Amino acid sequence: MPPLQPDLRKQLENTVIAARDAAEAAASAALVTLAVERSEPFPSLSEDQRSLRRALRAVARQLGEGSLSDGMPLLVHEIAYEQWHRMLFARYLAENQLLMHPGLGIPVTLEDCADLAADEGAADAWDLAARYAGAMLPGLFLADDPTVRIRLAPEHRHALEKLVQGLPSAVFTADDSLGWVYQFWQNKKKAEVNASEEKIGAATLGPVTQLFTEDYMVKFLLHNSLGAWWAARHPASPLIASFDYLRWQDEAEGVARSDPRTPAAGTFAGWPQRVSQVTMMDPCGGSGHFVVAAFDMFVPMRIEEEGLSEVEAVRAVLRDNLHMLDIDPRCCQIAAFNLLFTAWKRIGYTPDLPVPHIA
């Protein structure tokens with residue numbers, strides 16, 4: 001699919017910014033209801049609510065490095081992020097026929113979730129869809145995480161549902177839309193940090209420095225590195241025609257075309273000769289745009305060079321070729337989903353793919 005068009009990108013940006021405000025307001029209200037910051041619980045709280053309150057207080061202290069009051073704003077952010085992104089990821093899966101019923105192993109729609117919600121003990125379609133998405137991504141949305149277990153008030157849930165439902169389907173099928181999500185989530189915080197003119201510290205480094213790399217930039221860099229390496233070793237490969245940004249040494253006007261042609265970036269003679277031995281590390285990977293784009297290059301390369309099936313090639317690339325680091329765990333979460341999501345779009349949902357090398 002093509003990258004996100006500018007008008008849809010702006011709509012996604014406005015929606016995500018509004019969603020963060022709405023989700024943080026919802027999280028704050030839920031924490032007040034559970035008396036998380038109070039020294040004693042409300043007498044009316046059930047034992048389950050008291051247990052959740054204790055767990056949330058522990059998370060707040062951990063985030064605040066021992067201080068409950070310092071950790072409360074960070075806890076609000078954690079809850080807001082988890083609640084919104086579970087819904088958002090669920091719609092990404094549903095719009096691509098990848099939201100799977102855990103018992104039947106078949107894709108379900110959001111309409112199916114609405115029909116099944118009451119029977120499955122879910123509050124509504126979105127609650128069930130998020131639950132199904134969490135079951136598909138157990139390492140990303142832990143079912144016993146207190147920030148996931150907390151239940152937002154109906155009016156707040158409906159506000160978030162309206163936002164995610166208001167996005168056109170095309171947003172969820174564009175190749176790069178997931179990559180924009182976290183930058184848009186951080187937009188308001190970035191503006192606040194910059195306006196404060198305070199020294200950037202560990203807590204503010206992420207929002208200020210996380211900038212999504214445009215699709216054409218990613219492709220230009222990869223086509224003239226990995227693509228150039230491939231072209232130098234497989235000059236007759238039909239894959240070369242798909243490297244739209246690959247530049248050649250003889251492209252200057254008046255220069256005779258060589259045969260075989262030499263990539264302008266060189267032949268990368270020091271690299272391995274086989275694609276199975278080429279490894280990529282993105283040390284500040286953000287939401288995974290580079291590893292996802294590289295994945296889409298490595299898979300057909302391994303199919304052509306090794307005669308693998310598409311399923312075998314997907315597994316091999318995840319296992320052997322791609323690695324990513326980031327300073328922000330939330331970026332790693334989105335990147336892991338982005339990479340698995342891209343793999344599933346190729347071969348269908350498969351629960352036992354190799355765990356992406358993202359940390």
Side-chain angles (χ1 to χ4, degrees), residues 1-4 88-110 112-113 129 132-141 169-179 181 215 218-219 222 226-227 230 234 237-239 241-243 274-280 282 285 287-324 332-358:
M1 297 298 291
L4 203 59
L88 191 69
F89 287 5
R91 185 155 181 216
Y92 268 104
L93 293 169
E95 291 290 347
N96 289 273
Q97 294 77 53
L98 289 169
L99 184 64
M100 308 301 291
H101 188 288
L104 301 177
I106 58 173
V108 293
T109 65
L110 292 168
D112 294 330
C113 291
Y132 286 170
M136 296 172 64
L137 302 158
L140 301 187
F141 293 109
S169 296
V171 167
F172 298 93
T173 55
D175 277 344
D176 63 342
S177 63
L178 255 173
V181 163
D215 196 64
V218 172
K219 288 181 177 177
L222 286 173
L226 180 60
W230 176 265
H234 301 273
S237 170
L239 293 179
S242 67
F243 305 152
R274 302 282 294 176
V275 69
S276 61
Q277 299 173 323
V278 176
T279 55
M280 169 188 174
D282 187 344
S287 50
H289 198 176
F290 276 96
V291 290
V292 166
F295 172 87
D296 280 333
M297 294 177 68
F298 273 119
V299 168
M301 287 177 180
R302 296 200 64 167
I303 290 173
E304 182 176 321
E305 188 173 88
E306 300 170 57
L308 302 178
S309 69
E310 189 164 36
V311 172
E312 291 170 335
V314 164
R315 291 182 178 279
V317 170
L318 291 175
R319 183 188 66 234
D320 302 332
N321 300 108
L322 300 174
H323 305 76
M324 190 197 105
C332 293
Q333 185 185 52
I334 292 178
F337 174 67
N338 204 353
L339 192 52
L340 290 172
F341 181 58
T342 302
W344 290 336
K345 285 196 290 185
R346 273 186 173 272
I347 62 173
Y349 173 67
T350 306
D352 58 348
L353 287 178
V355 177
H357 300 302
I358 294 174

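Reckoned from all heavy atoms, side chains included, excluding hydrogens, waters and symmetry mates. Since this is a predicted model, take the numbers as computed values, not measurements.
- With rounding to the nearest 0.5 angstrom, the CE atom of M136 is 7.5 Å from the CZ atom of F337.
- Remark: D282 engages no residue in a side chain to side chain donor-acceptor pair (under 3.5 Å) (not counting sequence neighbours).
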side-chain contact (heavy atoms from CB on, under 4.5 Å) assessment of L226 paired with M301:
CA-CA 10 Å; L226 180 60; M301 287 177 180; 3.8 Å; yes
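- With rounding to the nearest 0.5 Å, the separation of CG in L137 from CG in L93 is 6.5 Å.
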What verdict does the side-chain contact (heavy atoms from CB on, under 4.5 Å) test give for M100 and W344, after you've listed the backbone C-alpha separation in whole Å, the side-chain angles of each residue and the deciding distance to 0.1 Å?
CA-CA 11 Å; M100 308 301 291; W344 290 336; over 6 Å; no
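- Y92 pairs by the side chain to side chain donor-acceptor pair (under 3.5 Å) definition with S177, not counting sequence neighbours.
- Once rounded to the nearest 0.5 Å, the distance linking CD1 of I347 with NZ of K345 reads 13.5 Å.
- Shortest non-hydrogen contact noted between S276 and N321 is O-ND2, 3.9 Å.
- Evaluation of the side chain to side chain donor-acceptor pair (under 3.5 Å) rule for T350 yields no partner, not counting sequence neighbours.
- Here the shortest heavy-atom pairing between V108 and C113 reads CG2-SG, 4.1 Å.
- L98 CG to L340 CG: the interatomic distance, rounded to the nearest 0.5 Å, is 11.0 Å.
- To the nearest 0.5 Å, atoms CD1 (I358) and CG (L318) are separated by 9.0 Å.
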Applying side chain to side chain donor-acceptor pair (under 3.5 Å), run through E305 and H234 and close with a yes or a no.
CA-CA 9 Å; E305 188 173 88; H234 301 273; 2.8 Å; yes
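- Heavy-atom minimum distance, L110 versus A94: CG-CB, 4.1 Å.
- Taking both residues in full, the closest heavy atoms of L353 and V314 are given as CD2-CG1, 4.2 Å, listed atom of the first, atom of the second, then distance.
- In terms of modelled atom types and a separation under 3.5 Å, the side chain of N338 and the main chain of V291 share no donor-acceptor contact.
- Annotation: salt bridge (charged side-chain N to carboxylate O under 4.0 Å, His left out) contacts involving residues 288-302, sequence neighbours excluded, comprise D296-R346, R302-E306, R302-D320.
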Go through the steps to decide whether T173 and N96 satisfy the test side-chain contact (heavy atoms from CB on, under 4.5 Å), and finish with yes or no.
CA-CA 7 Å; T173 55; N96 289 273; 3.8 Å; yes
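- Here the CZ atom belonging to F298 is positioned 7.5 Å from the OG1 atom belonging to T279, to the nearest 0.5 angstrom.
- Side-chain contact between M280 and V317 is absent, with no heavy atoms from C-beta onward closer than 4.5 Å.
- Listed here is the closest heavy atom pair of A313 and L308: CA-CD1, 3.9 Å.
- Taking all atoms of both residues into account, the shortest heavy-atom contact from M297 to F243 is CE-CE2, 3.7 Å.
- For residues 300-323, the ring-ring contact (aromatic ring centres under 6.0 Å, His included) pairs, not counting sequence neighbours, are H323-H357.
- Evaluation of the side chain to side chain donor-acceptor pair (under 3.5 Å) rule for S242 yields no partner, not counting sequence neighbours.
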Determine whether D215 and H289 satisfy the following criterion, side chain to side chain donor-acceptor pair (under 3.5 Å), listing intermediate values before the conclusion.
CA-CA 8 Å; D215 196 64; H289 198 176; 3.2 Å; yes
